[in-house]
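Only one structure is covered here, and it is reproduced in the block below.
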Amino acid sequence: AQSVTQLGSHVSVSEGALVLLRCNYSSSVPPYLFWYVQYPNQGLQLLLKYTSAATLVKGINGFEAEFKKSETSFHLTKPSAHMSDAAEYFCAVSGGNFNKFYFGSGTKLNVKP
Amino acid sequence: DTAVSQTPKYLVTQMGNDKSIKCEQNLGHDTMYWYKQDSKKFLKIMFSYNNKELIINETVPNRFSPKSPDKAHLNLHINSLELGDSAVYFCASAGMNTEAFFGQGTRLTVV
């Protein structure tokens, strides 16, 4: 069985500050891990994914995430927040047959000027 | 060239009506899904099809019936709509060991 837990339903940072969105996973098989972003009234767009290659994964828009097996974590970071980063962020895990994707409850990122 | 497209984007209907949402993907993926996103943004998987066969049915009321005429299409039919069915419904597809690709969503409002 697989699941993800996102700590913090709302995160607020100032423009230019570090963004850190937390995700912990549980998986009975080697996981594939993903971060998605959802802008208002839009679908989900992939930011980055971990598929058992490099543990530090770089994605679009300056985001990156590090897979830490010992901590069962896959936290999303960005060194400097932009106003355009304000959105809902979802962590997801997949593994096993048929690529079933389990999503976390989402973290809404607010960026203050 | 839209990868996963679903129609309609908005759907407003009265309680008790029957409605359908259509989804098509042009990515050549074998697996397609329907997800429901509630007002708190929680994404819950409803169904998953692999090569036209139902793989996952996550305790969804039988008023919801998915249909996959071919592996590029997965439609969702809902009978006797209820107020609690109001949500955003997302179609998605995935290939073997790829990420899920999502459509733009269908906002269903039942009045």
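We name chains A, B, ... by the order of the sequence lines, and we start the count at 1 in each one.
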Problem - Salt-bridge contact B/K41-A/E88 (side-chain N to carboxylate O under 4.0 Å) - result: no
Fill in the blank from the handout: If one checks every heavy atom of A/Q38 against chain B at 4.5 Å, the contacting part turns out to be side chain
Fill in the blank from the handout: The reported gap from CG in A/L46 to CZ in B/F102 (rounded to nearest 0.5 angstrom) is 10.0 Å
Problem - Cluster link A/L21 to A/F63, ILVMFWY, side chain under 4.5 Å - result: yes
Practice task
Decide yes or no on side chain to side chain contact (heavy atoms under 4.5 Å, CB included) for B/R107 and A/N41, but give the supporting numbers first.
Solution key: CA-CA 9 Å; B/R107 183 174 296 276; A/N41 299 316; 3.3 Å; yes
Exercise for the section: Could you tell me whether B/E53 atom CD has more than 12 heavy atoms of other residues or ligands within 6.0 Å of it? Expected result: no
Problem - Cluster overlap B/I21 with B/L74, hydrophobic side-chain contacts below 4.5 Å - result: yes
Problem - B/Y35/A/F101 under ring pair (Phe, Tyr, Trp, His ring centres under 6.0 Å): CA gap, chis, key distance, verdict - result: CA-CA 10 Å; B/Y35 282 85; A/F101 294 85; 7.7 Å; no
Practice task
Kindly check if the number of other-residue, nucleotide or ligand heavy atoms within 6.0 Å of NZ (B/K71) is above 12?
Solution key: yes
Practice task
Verify the cluster assignment for B/L54 and B/I78: are they in a single hydrophobic cluster under the rule of side-chain heavy atoms below 4.5 Å apart?
Solution key: yes
Completion exercise
One should read off an interatomic distance between B/F101 CZ and A/Y36 OH, to the nearest 0.5 angstrom, of 7.5 Å
Fill in the blank from the handout: Most heavy-atom pairs under 4.5 Å with chain A, out of B/Q37, B/Q6, B/K44, B/K9, belong to B/Q37
Handout entry: Gap between atom CD1 of B/I45 and atom OH of A/Y102 - 0.5 Å precision
Key = 7.5 Å
Completion exercise
Rounded to the nearest 0.5 Å, the OG1 atom of B/T98 sits from the CZ atom of A/F34 at a distance of 7.0 Å
Problem - Proximal component of A/L44, with respect to chain B [non-hydrogen, under 4.5 Å] - result: both
Exercise for the section: Please check if A/W35 and A/V13 belong to a single hydrophobic cluster, counting links between Ile, Leu, Val, Met, Phe, Trp and Tyr side chain heavy atoms closer than 4.5 Å. Expected result: yes
Exercise for the section: Consider only side-chain heavy atoms of I, L, V, M, F, W and Y, link residues closer than 4.5 Å, and tell whether A/F103 and B/F47 are in one cluster. Expected result: no
